[in-house]
There are 2 protein chains.
Amino acid sequence: MAKTFRRTRQRESVRAVIEAATRPLRADEVLFLAREQVPELGLATVYRTLKLLVDEGELAEVKLRSGATRYEPVQREHDSFFLCDACSRAFPIEARLTNELALPDGFTMRRREVTLLGTCPTCSENQAHSG
Amino acid sequence: MAKTFRRTRQRESVRAVIEAATRPLRADEVLFLAREQVPELGLATVYRTLKLLVDEGELAEVKLRSGATRYEPVQREHDSFFLCDACSRAFPIEARLTNELALPDGFTMRRREVTLLGTCPTCSENQAHSG
DNA sequence: CTACGTGCAAAAAGTTTGCAATCGC
DNA sequence: GCGATTGCAAACTTTTTGCACGTAG
């Protein structure tokens with residue numbers, strides 16, 4: 001029998017925060033933002049809810065070089081990000097790659113991800129002013 | 001005055017293990033392998049040595065989806081990996097991408113990384129046999 | 001009512017740091 | 001000998017889990 005999922009204030013707040021975000025968020029960012037709606041919300045619940053939503057196919061996990069896991073709605077899921085060396089923020093980008101991948105025999109590709117490393121406009125400016 | 005670096009059995013063993021590897025290794029893998037040479041080697045020393053070698057420009061850090069950091073010699077540094085969903089091992093690949101990246105104004109790209117997610121030959125076989 | 005969900009605290013996993021003992025140079 | 005290096009244990013960070021209480025349906 002399929003498990004039944006309950007609609008709780010905690011889950012709704014996590015969902016709402018991710019939906020409202022313009023870039024993938026970390027668990028602690030979700031906690032901070034969701035507590036505006038549900039102050040007693042705990043970090044464990046955030047993690048449990050994020051995992052649940054990922055399993056349900058509603059959210060996608062994004063893991064980039066910085067190490068921290070980020071989450072975004074699948075409808076808006078990107079396979080390409082620009083990751084700023086200076087501020088570590090991740091920006092979704094459109095990377096149209098006409099690829100020719102020499103994938104050896106036996107390997108099965110499920111998905112491709114592209115990460116661009118560099119400096120974002122904000123940090124470029126700051127460096128120019130301070131250098 | 002520049003710091004002097006000493007040549008120790010511990011450092012040499014870490015170096016040797018990474019040099020001998022055919023794929024980027026995690027710290028715990030380095031520890032396990034290097035202990036064949038230096039049994040009393042500690043994990044903290046592995047981390048300290050890896051960081052030292054990265055700072056020296058001898059090793060490169062590789063961070064992929066699985067979360068754990070891997071290390072490989074810079075001479076063999078790859079910008080493209082195949083990461084197995086099942087066993088989490090990382091395989092260097094050649095990804096010749098003829099790209100056309102629409103990078104917005106103000107962004108400066110320093111480097112590009114491509115990660116392929118999927119199943120490696122070993123795990124494909126195991127799944128076939130057990131499924 | 002009752003199984004699912006929550007908050008808290010403790011546990012894990014990966015990495016870093018403090019410190020006294022050790023060792024390269 | 002002196003200062004760099006090491007091993008151990010403890011601290012830290014991020015994520016997961018155990019448990020008793022709370023609550024949606």
Side-chain angles (χ1 to χ4, degrees), chain A residues 1-18 24-56 58-72 83 88-90, chain B residues 1-18 24-56 58-71 83 87-90:
Chain A
M1 192 181 319
K3 205 176 182 183
T4 74
F5 294 108
R6 291 180 182 173
R7 167 170 295 248
T8 64
R9 292 177 308 126
Q10 287 86 341
R11 288 186 180 167
E12 291 308 302
S13 69
V14 168
R15 224 189 198 116
V17 162
I18 300 256
L25 297 178
R26 281 179 278 113
D28 60 298
E29 294 176 314
V30 172
L31 177 67
F32 181 80
L33 293 168
R35 274 186 168 165
E36 290 179 17
Q37 309 293 318
V38 185
E40 73 277 18
L41 180 64
L43 183 55
T45 297
V46 171
Y47 275 110
R48 281 187 282 231
T49 302
L50 289 173
K51 171 170 285 189
L52 178 72
L53 295 176
V54 168
D55 289 347
E56 290 291 285
E58 189 165 325
L59 296 188
E61 285 188 330
V62 182
K63 292 187 184 181
L64 302 180
R65 288 221 124 205
S66 61
T69 306
R70 296 171 171 85
Y71 298 83
E72 68 178 350
L83 185 59
S88 290
R89 282 191 301 170
Chain B
M1 190 181 322
K3 205 179 183 182
T4 73
F5 293 109
R6 292 180 182 172
R7 166 171 295 246
T8 64
R9 293 176 306 128
Q10 288 85 341
R11 286 186 181 167
E12 291 309 301
S13 70
V14 167
R15 223 188 198 118
V17 161
I18 301 254
L25 298 178
R26 281 178 279 114
D28 61 296
E29 294 176 314
V30 173
L31 178 66
F32 181 80
L33 294 168
R35 275 187 168 165
E36 290 179 14
Q37 309 291 319
V38 185
E40 72 277 17
L41 181 64
L43 183 56
T45 298
V46 171
Y47 275 111
R48 281 186 283 231
T49 303
L50 290 173
K51 172 171 284 188
L52 179 72
L53 295 176
V54 169
D55 288 347
E56 290 292 285
E58 191 165 325
L59 296 187
E61 286 188 330
V62 183
K63 292 185 185 182
L64 301 180
R65 291 218 125 205
S66 61
T69 306
R70 297 171 168 85
Y71 299 84
L83 183 61
C87 65
S88 290
R89 283 191 300 171

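Since the model is a prediction, treat every value here as computed from it, not as a measurement. We name chains A, B, ... by the order of the sequence lines, and we start the count at 1 in each one.
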inquiry  = Which residues pass the salt bridge (charged side-chain N to carboxylate O under 4.0 Å, His left out) test with A:Arg35, not counting sequence neighbours?
reply    =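 Result, salt bridge (charged side-chain N to carboxylate O under 4.0 Å, His left out) vs A:Arg35: none returned.
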Could you state the [atom1]-[atom2] distance from [X] to [N], rounded to the nearest angstrom?
X       : N      : atom1 : atom2 : value
B:Arg70 : C:dG14 : CZ    : P     : 11 Å
A:Leu52 : C:dG5  : CG    : P     : 7 Å
B:Arg26 : C:dA13 : CZ    : C1'   : 11 Å
B:Asp28 : C:dT16 : CG    : P     : 14 Å
B:Arg6  : C:dC23 : CZ    : C1'   : 7 Å
B:Phe5  : D:dT6  : CZ    : C1'   : 16 Å
B:Glu12 : C:dC23 : CD    : C1'   : 15 Å

Could you go over nucleotides 10-12 of chain C and give all protein N or O partners under 3.5 Å, atom names and distances?
none

Taking the side chain as everything from C-beta on, heavy atoms only, tell me whether [X] gets closer than 4.5 Å to [Y].
X       : Y       : value
A:Leu33 : A:Leu25 : yes
B:Arg11 : B:Leu52 : yes
A:Val54 : A:Lys51 : no

ask   = Hey, is B:Glu12 close enough to B:Arg15 for a salt bridge, meaning N to O under 4.0 Å?
value =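 Judged by the 4.0 Å cut-off on N to carboxylate O distance, B:Glu12 and B:Arg15 do form a salt bridge.
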request  = Given side chain to side chain contact (heavy atoms under 4.5 Å, CB included), test A:Thr49 with A:Thr8 step by step and report yes or no.
outcome  = CA-CA 11 Å; A:Thr49 302; A:Thr8 64; over 6 Å; no
inquiry  = Please compare B:Tyr71 and B:Arg9 by the position of their nearest nucleotide in DNA chain C and report the one closer to 5'.
reply    =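 Closest to the 5' end, via its nearest nucleotide, is B:Tyr71.
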message = Let's see if you get this right: which residues in residues 32-51 of chain A place a heavy atom under 4.0 Å from DNA chain C?
response =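 When residues 32-51 of chain A is checked for heavy atoms under 4.0 Å from DNA chain C, the hits, listed by number, are A:Glu40, A:Leu41, A:Gly42, A:Ala44, A:Thr45, A:Arg48.
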request  = Please state whether the phosphate of D:dT23, meaning OP1 or OP2, lies under 4.0 angstrom from any side-chain nitrogen or oxygen of A:Thr8.
outcome  =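 For D:dT23, OP1/OP2 do not have a side-chain N/O of A:Thr8 under 4.0 Å.
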message = Looking at C:dG7, I'd like to know if its phosphate oxygens (OP1 or OP2) sit under 4.0 Å from a side-chain N or O belonging to A:Gln10.
response =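 So the side-chain polar atoms of A:Gln10 do come within 4.0 Å of the phosphate oxygens OP1 or OP2 of C:dG7, strictly under.
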query = For the residue pair A:Val14 and A:Val30, what are the closest heavy atoms and their distance?
reply =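 In terms of heavy atoms, the two residues are closest at CG1-CG1, 4.0 Å.
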